[in-house]
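The shown structure was predicted, so the numbers you read here are calculated from the model rather than taken from an experiment. The analysis underlying the following values was restricted to heavy atoms, covering all of them including side chains, and did not include hydrogens, waters or symmetry mates. Note that ligands are numbered from 1 as they come in the structure, with each ligand's atoms numbered from 1 the same way.
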Amino acid sequence: MTIIKKSVLSMGEMASGAKLTVPVYFIKGTGDGPSVYIQANMHGAEVQGNAVIYQLLEQLKRLSINGDITLVPYANPVGANHKNGEYTLGRFDPITGVNWNRMYHYDESQIDRFVETLTSEDQVEIDLQFQALLLDGIAQKLDHNQYGLTTGQRIAYQLQKMAHQADLVLDLHTGPISSKHLYCPEYAQGSASYFDIEHTILIPDSFDGAMDEATFCPWWHLSKKLASRGINYQLRRESFTVELGSQELIDLDVAAQDAKSILSYLQYKNVIDSCEFTPKEITRYACYLKDYKAFYSPMGGMVDYLATFGDVLKAGEPLARILRMDNYGDGDALHYISLDHDVIPILHFASASVNQGTELYKVFSKYFELT
Ligand SMILES: [Zn+2]
């Protein structure tokens, strides 16, 4: 029987002095496999990842564990509790307006310095030294910073401190109204086929503040720099943002399926000692981040979303129709919206009423089969 250790991490304080805390679940592995960090709910309304962590723990407690596994539900205690009426907000820090998933830390300039002062070309030694450097960078931010941190930075850096200690990182999110999709660094696309997710966005090595980038970009840049110096190095670290469907929803049965999908990946990576998980035989499509396009509403109005997620929408077929009752009788009350090329719709805006310029849909504008 696997032992699951629980601890409570302090993330900050509210004005009244109330503590902001998150639960941390830890499973010690035998040490024969890579370690994993999994977090959920960094964006307040994206709650399904908490249910997936529940189902993962239910499975993990009966499995043999090789690598250490850290799981953090409710990763952002401010976002999770940020309600307005019946809705959860929690995508942006309400004080600064900054997206909660754009506050992680990475100093790209440290790569050159690190490689120049490297004393060993042994992979194990490089990994240890580089991980220590990343952790020291976070410690400097958290503990040796007399000008302080924003609320969001304090939360992000404490999560990142745990994530940097793992070889594999999964950040569980959802879209607004959305199909499942996976953000995967281009170099790790071979791993995408182990998740039961039909659509994968392949991302380049540029850092924009997100958890996945903050944990794979340093290692990717390091491996490129080492390769340019002729040093043999295997890039083994991987990070993914797993988009589990729509926000504001908990479905424990779907979560059980998603847990199996994650376990299939963890089994492939030898984190768990098992052969019971098999990825589904589905056609998987990929799209480069530059071709993952947002479609902004050309007008204000009331939207009837028509396109089905995951299916190819042919050129000229309607994505949506927009109702404008103010034009009824003396103008066009209905406007059909389409594109001049085939796309795969992945997600759409959560509300039916939109202003001109609202991000209506996100689609794969160019796609190919992932093999
Ligand atoms: Zn999110």
Side-chain angles (χ1 to χ4, degrees), residues 11 22 37-53 56 71-84 87-94 96-106 150-153 155-160 162-163 169-185 192 195 197 199-203 206-217 239-251 254-255 258 261-262 287 289 292-294 309 345-351 358-364:
M11 305 297 259
V22 298
Y37 172 79
I38 300 175
Q39 71 174 28
N41 207 180
M42 191 58 189
H43 288 138
E46 303 177 9
V47 291
Q48 176 70 357
N50 301 312
V52 172
I53 287 182
L56 276 171
L71 303 107
V72 181
Y74 311 138
N76 176 355
V78 181
N81 294 306
H82 186 190
K83 304 287 291 190
N84 197 341
Y87 298 107
T88 316
L89 305 179
R91 184 168 184 79
F92 305 96
D93 179 338
T96 62
V98 180
N99 185 325
W100 290 112
N101 191 25
R102 297 291 181 275
M103 294 189 230
Y104 295 95
H105 170 68
Y106 173 42
T150 68
T151 308
Q153 286 170 332
I155 293 170
Y157 297 167
Q158 289 184 96
L159 298 170
Q160 196 175 349
M162 292 185 279
V169 174
L170 300 178
D171 193 9
L172 308 184
H173 284 248
T174 78
I177 307 295
S178 176
S179 58
K180 290 176 196 176
H181 53 289
L182 183 72
Y183 283 91
C184 169
F195 294 91
I197 296 179
H199 299 95
T200 294
I201 299 144
L202 298 172
I203 42 180
S206 50
F207 177 66
D208 193 30
M211 169 59 102
D212 54 356
E213 299 160 350
T215 44
F216 71 64
C217 275
S239 307
F240 303 90
T241 298
V242 186
E243 302 276 349
L244 295 160
S246 302
Q247 65 190 24
E248 298 275 32
L249 283 177
I250 288 284
D251 184 324
V254 173
D258 289 325
S261 154
I262 289 170
C287 167
L289 185 64
Y292 184 44
K293 296 277 198 191
F309 297 142
I346 299 296
L347 60 83
H348 68 61
F349 191 59
S351 168
T358 294
E359 189 179 288
L360 211 55
Y361 266 96
K362 288 192 89 172
V363 301
F364 282 14

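- In this structure, F364 and Y292 have perpendicular ring planes: the angle between them is above 60°, well past the 30° mark.
- Side-chain atoms of Q160 and T215 form no donor-acceptor pair, as typed in the model, at a separation below 3.5 Å.
- Ring-plane geometry between H173 and H43 is classed as perpendicular, the angle between the planes exceeding 60 degrees on a 0 to 90 degree scale with a lower cut at 30.
- Tally of protein N, O or S atoms closer to the Zn ion (ligand 1) than 2.8 Å: 4.
- The backbone N or O of K83 sits nowhere less than 3.5 Å from a side-chain atom of T88 that would complete a donor-acceptor pair.
- Residues forming a side chain to side chain contact (heavy atoms under 4.5 Å, CB included) with V78 (at least two apart in sequence, or on another chain): L20, N76, W100, T151, I155.
- Looking only at distances, no side-chain donor or acceptor of Q247 sits under 3.5 Å from a matching main-chain atom of A45.
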